[in-house]
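One structure below.
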Amino acid sequence: MAKDKKVEQITDMDVDFAQWFTDVVTKAELIDYAGVKGFFILRPYAYAIWENIQAILDKRFKELGHENVSMPMLIPESLLQKEKDHVEGFAPEVAWVTHGGSEALAERLCVRPTSETLFCDHWSHVLRSWRDLPMLYNQWCSVLRWEKTTRPFLRHREFLWQEGHTLHATADEAEQETQQMLGVYADFCENTLAMPVIKGRKTDKEKFAGAVATYSIECMMHDKKALQSGTSHYFGDGFARAFDIQFTDKDNTLKYPHQTSWGMTTRLIGGLIMTHGDNNGLVLPPRIAPVQVVVIPIAMHKPGVLEKAQELVSRLKSSGIRVKGDTSDQSPGWKFAEHEMKGIPLRIEIGPKDIENNQCLAVRRDNGEKTAVRLSELETAIPALLDQVQIGLYNKAKKNLTDNTRPVTNVAEAKAVMAENGGFIKSMWCGDLACELQMKEEAGVSSRCIPFAQEHLGDTCPICGKPARHMVVWGVAY
RNA sequence: CGGGGUGUGGCGCAGUUGGUAGCGUGCGUGCUUUGGGAGCAUGAGGCCGUGGGUUCGAGUCCCACCACUCCGACCA
């Protein structure tokens with residue numbers, strides 16, 4: 001058996017990345033397939049990751065003044081129709097409820113693909129005065145989009161997410177909110193999920209149906225493809241006008257408020273898997289891992305071993321670490337492989353020899369490095385190792401992103417770089433849709449975003465030769 | 001929605017020229033083990049994806065459908 005691949009059931013990621021991904025989500029007990037195409041069961045381990053994501057984001061949202069609400073799951077067709085761009089964007093992929101029991105409904109109801117229309121309808125009822133603003137709402141729920149091809153985590157027909165919806169007195173304030181929440185997402189991705197991001201604005205072609213501007217954070221997966229990991233939209237007052245949401249401002253005139261929405265989904269879990277995973281399975285950053293440390297007793301039926309292992313578990317638990325002891329009746333080798341597959345960041349082995357020496361052996365999931373830890377230093381050494389894993393994962397992903405983002409100055413070069421290396425390319429752009437489409441046609445890439453961190457790579461658009469307006473990052477997206 | 005691949009105990013697979021289903025692993029029980037997926041014994045578990053057809057007889061041949069999966073187009 002190859003040294004770097006102990007789990008034969010997992011396909012080698014460099015041979016077939018898509019198959020590797022499918023193997024990991026099933027073998028790590030994250031996903032089960034449900035009875036309807038595109039619907040997936042998040043098993044306890046996957047849901048625990050989602051709960052950690054929720055806990056951290058939810059706390060952050062609330063710190064910034066947002067309140068959670070719960071909107072209905074069904075939207076009357078007439079309501080969905082109110083904003084033209086929005087309905088055109090979503091109509092092809094909504095599911096309809098047409099019957100209640102055996103009675104046909106007078107008006108068919110769409111299962112929410114997103115809840116802008118519901119929030120707008122509600123706001124049109126409750127908004128009166130400038131004193132009611134801003135309204136900073138969020139909801140955790142699932143939405144449904146009838147996708148054609150589906151994949152675990154990356155494209156479910158029903159997926160869990162949070163959708164923030166806010167209403168502001170001025171355009172300026174709404175723009176600020178849009179940026180602020182994009183910043184929250186970027187910070188969460190980088191510091192909690194150890195996924196480096198590119199922050200930027202979407203081109204008109206890629207922006208959300210009904211939005212004035214869409215911003216996103218883009219991540220690079222291990223296979224160098226792009227995953228949009230969070231979006232934040234500025235709507236202007238378009239929805240407010242369509243839904244007749246008005247308030248009386250300080251100057252006693254009726255005004256339309258300005259609106260935002262922003263979301264993150266269970267797709268992030270797919271991002272985690274594809275960013276950090278390896279040929280032994282999942283690799284989880286300690287800050288999001290449901291179990292950060294697993295303690296494995298060696299020769300556990302020998303006197304004192306089990307007791308010592310349990311002592312380590314309770315000591316780590318009291319110092320705030322999410323830790324589990326594995327006292328199941330399996331061989332140690334089996335346990336090593338199992339917990340590697342599940343991506344547990346740190347493994348602690350404790351056996352008779354360790355006990356004799358007053359130490360235990362800590363093994364990092366990200367690089368396999370083994371460290372003998374003196375038992376007296378457990379409470380300081382283990383958190384320090386966890387931090388190192390967290391940083392190690394981030395740095396590795398960051399290197400992947402920077403090493404595989406290449407500037408190009410003409411279409412032929414773009415094509416060549418994509419054919420040879422893949423990854424992201426960055427180039428200047430005139431802003432015309434035609435050039436964006438040509439890039440897709442010739443190099444096979446779509447625009448990921450217009451990064452906030454602009455670089456000057458030239459004066460002209462490499463596609464048409466007209467004066468350039470922005471630098472764009474391009475890539476193949478999930 | 002277009003193109004490929006796969007559907008047989010939980011999982012991974014075999015099944016020859018059509019003759020009534022087998023292997024590995026996992027699971028249960030008992031004992032021995034434990035520093036990289038332990039060993040022996042014993043036991044349970046199958047409408048062969050679904051529906052038609054051909055045949056004395058179909059896992060096997062024919063037709064249709066469905067599901068999963070991969071690659072495109074669309075999307076978070």
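We name chains A, B, ... by the order of the sequence lines, and we start the count at 1 in each one. Just so you know, these numbers use all the heavy atoms, side chains as well, and skip hydrogens, waters and symmetry mates.
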*Return no unless some side-chain N or O of A/Lys335 is found under 4.0 Å from OP1 or OP2 of B/G35.*
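No, because none of the side-chain N or O atoms of A/Lys335 sits under 4.0 Å from OP1 or OP2 of B/G35.
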Tell me, please, which residues at least two apart from [X] pass side chain to side chain contact (heavy atoms under 4.5 Å, CB included).
X: A/Asn68; value: A/Asp58, A/Lys62, A/Asn138, A/Trp140
X: A/His66; value: A/Phe61, A/Leu64, A/Leu136, A/Thr166, A/Glu177, A/Gln180, A/Met181, A/Trp262
X: A/Asp223; value: A/Phe17, A/Met221, A/Lys225, A/Tyr478
X: A/Ser142; value: A/Glu158, A/Leu160

*May I ask you to say what A/Pro352 touches in the nucleic acid, namely base, sugar-phosphate or nothing, with a heavy-atom cut-off under 4.0 Å?*
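Result for A/Pro352 = base.
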*Across the strands shown, which category fits A/Leu227 at heavy-atom distances under 4.0 angstrom: base, sugar-phosphate, nothing?*
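Nothing: the residue A/Leu227, judged by heavy atoms under 4.0 Å, touches no strand.
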Length of the [atom1]-[atom2] vector between [X] and [N], whole Å:
X: A/Met300; N: B/G35; atom1: CE; atom2: P; answer: 12 Å
X: A/Phe39; N: B/C66; atom1: CZ; atom2: C1'; answer: 17 Å
X: A/His86; N: B/C75; atom1: NE2; atom2: P; answer: 15 Å
X: A/Glu88; N: B/C74; atom1: CD; atom2: P; answer: 17 Å
X: A/Glu29; N: B/C11; atom1: CD; atom2: P; answer: 13 Å
X: A/Ile348; N: B/G36; atom1: CD1; atom2: P; answer: 18 Å
X: A/Glu338; N: B/G37; atom1: CD; atom2: C1'; answer: 9 Å
X: A/Gln330; N: B/C27; atom1: CD; atom2: C1'; answer: 11 Å

[X] and [Y]: side-chain donor and acceptor closer than 3.5 Å?
X: A/Gln330; Y: A/Ser328; answer: no
X: A/Arg112; Y: A/Thr114; answer: no
X: A/His165; Y: A/Ser261; answer: no

What's the gap between [N] and [M] when it is taken at their [atom1] atoms, as a whole Å value?
N: B/C23; M: B/U8; atom1: C1'; value: 12 Å
N: B/A44; M: B/U6; atom1: C1'; value: 29 Å
N: B/G37; M: B/A73; atom1: C1'; value: 42 Å
N: B/C65; M: B/G9; atom1: P; value: 24 Å
N: B/G18; M: B/G57; atom1: P; value: 15 Å
N: B/G49; M: B/G10; atom1: P; value: 13 Å
N: B/C70; M: B/U33; atom1: C1'; value: 43 Å
N: B/C47; M: B/G22; atom1: P; value: 14 Å

*asked:* For RNA chain B, which residues of residues 196-205 of chain A approach it to below 4.0 angstrom with any heavy atom?
replied: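 Heavy-atom contacts with RNA chain B come from no residue of residues 196-205 of chain A; none.
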Between the protein and nucleotides 69-71 of chain B, which nitrogen or oxygen pairs are less than 3.5 angstrom apart?
unit_1 : atom_1 : unit_2   : atom_2 : d
B/U69  : OP1    : A/Tyr33  : OH     : 2.3
B/C70  : OP1    : A/Thr22  : OG1    : 3.0
B/C70  : OP1    : A/Arg151 : NE     : 3.4
B/C70  : OP1    : A/Arg151 : NH2    : 3.3

For [X], side-chain hydrogen bond (donor to acceptor under 3.5 Å, both in side chains) partners two or more places apart:
X: A/Thr178; result: none
X: A/Gln19; result: A/Asp23
X: A/Thr266; result: none

*With A/Phe235, which of A/Phe208, A/Phe243, A/Phe119 fulfils ring pair (Phe, Tyr, Trp, His ring centres under 6.0 Å)?*
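Of all the options given, the one that passes is A/Phe208.
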*asked:* Between B/G36 and A/Glu349, counting only base atoms on the nucleotide and side-chain atoms on the residue, is there a donor-acceptor pair under 3.5 Å?
replied: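 Looking at the base of B/G36, it does not pair with any donor or acceptor on the side chain of A/Glu349 (distance under 3.5 Å).
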*Of A/Val363 and A/Phe90, whose nearest nucleotide on RNA chain B comes first from the 5' end?*
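Upstream on the strand: A/Val363.
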*For A/Val36 and for A/Pro332, locate the closest nucleotide of RNA chain B by heavy-atom distance; then report the residue assigned to the nucleotide nearer the 5' terminus.*
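Whichever sits nearer the 5' end wins; that is A/Pro332.
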_Summary of side-chain hydrogen bond (donor to acceptor under 3.5 Å, both in side chains) pairs that have at least one residue in residues 431-444 of chain A, sequence neighbours excluded_ =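 Output for this query lists A/Thr203-A/Glu436, A/Asp432-A/Lys466, A/Glu436-A/Ser447, A/Gln438-A/Glu442.
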Side-chain donor/acceptor pairs under 3.5 Å, residues 35-55 of chain A, sequence neighbours excluded:
unit_1  : atom_1 : unit_2   : atom_2 : d
A/Tyr45 : OH     : A/Lys342 : O      : 2.6
A/Asn52 : ND2    : A/Ile288 : O      : 2.9

_In B/C47, glycosidic geometry as syn within 90° of 0 or anti otherwise_ =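 In terms of base orientation relative to the sugar, B/C47 is syn.
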*Stem ranges for RNA chain B, with three or more consecutive Watson-Crick or G-U pairs under 3.5 Å?*
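Stem segments, range with range: B:1-7 with B:66-72, B:10-13 with B:22-25, B:27-32 with B:38-43, B:49-53 with B:61-65.
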*asked:* Quick check for you: among B/G37, B/A73, B/U33, whose closest atom lies nearest to any side-chain atom of A/Asp329?
replied: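 So the nucleotide nearest the side chain must be B/U33.
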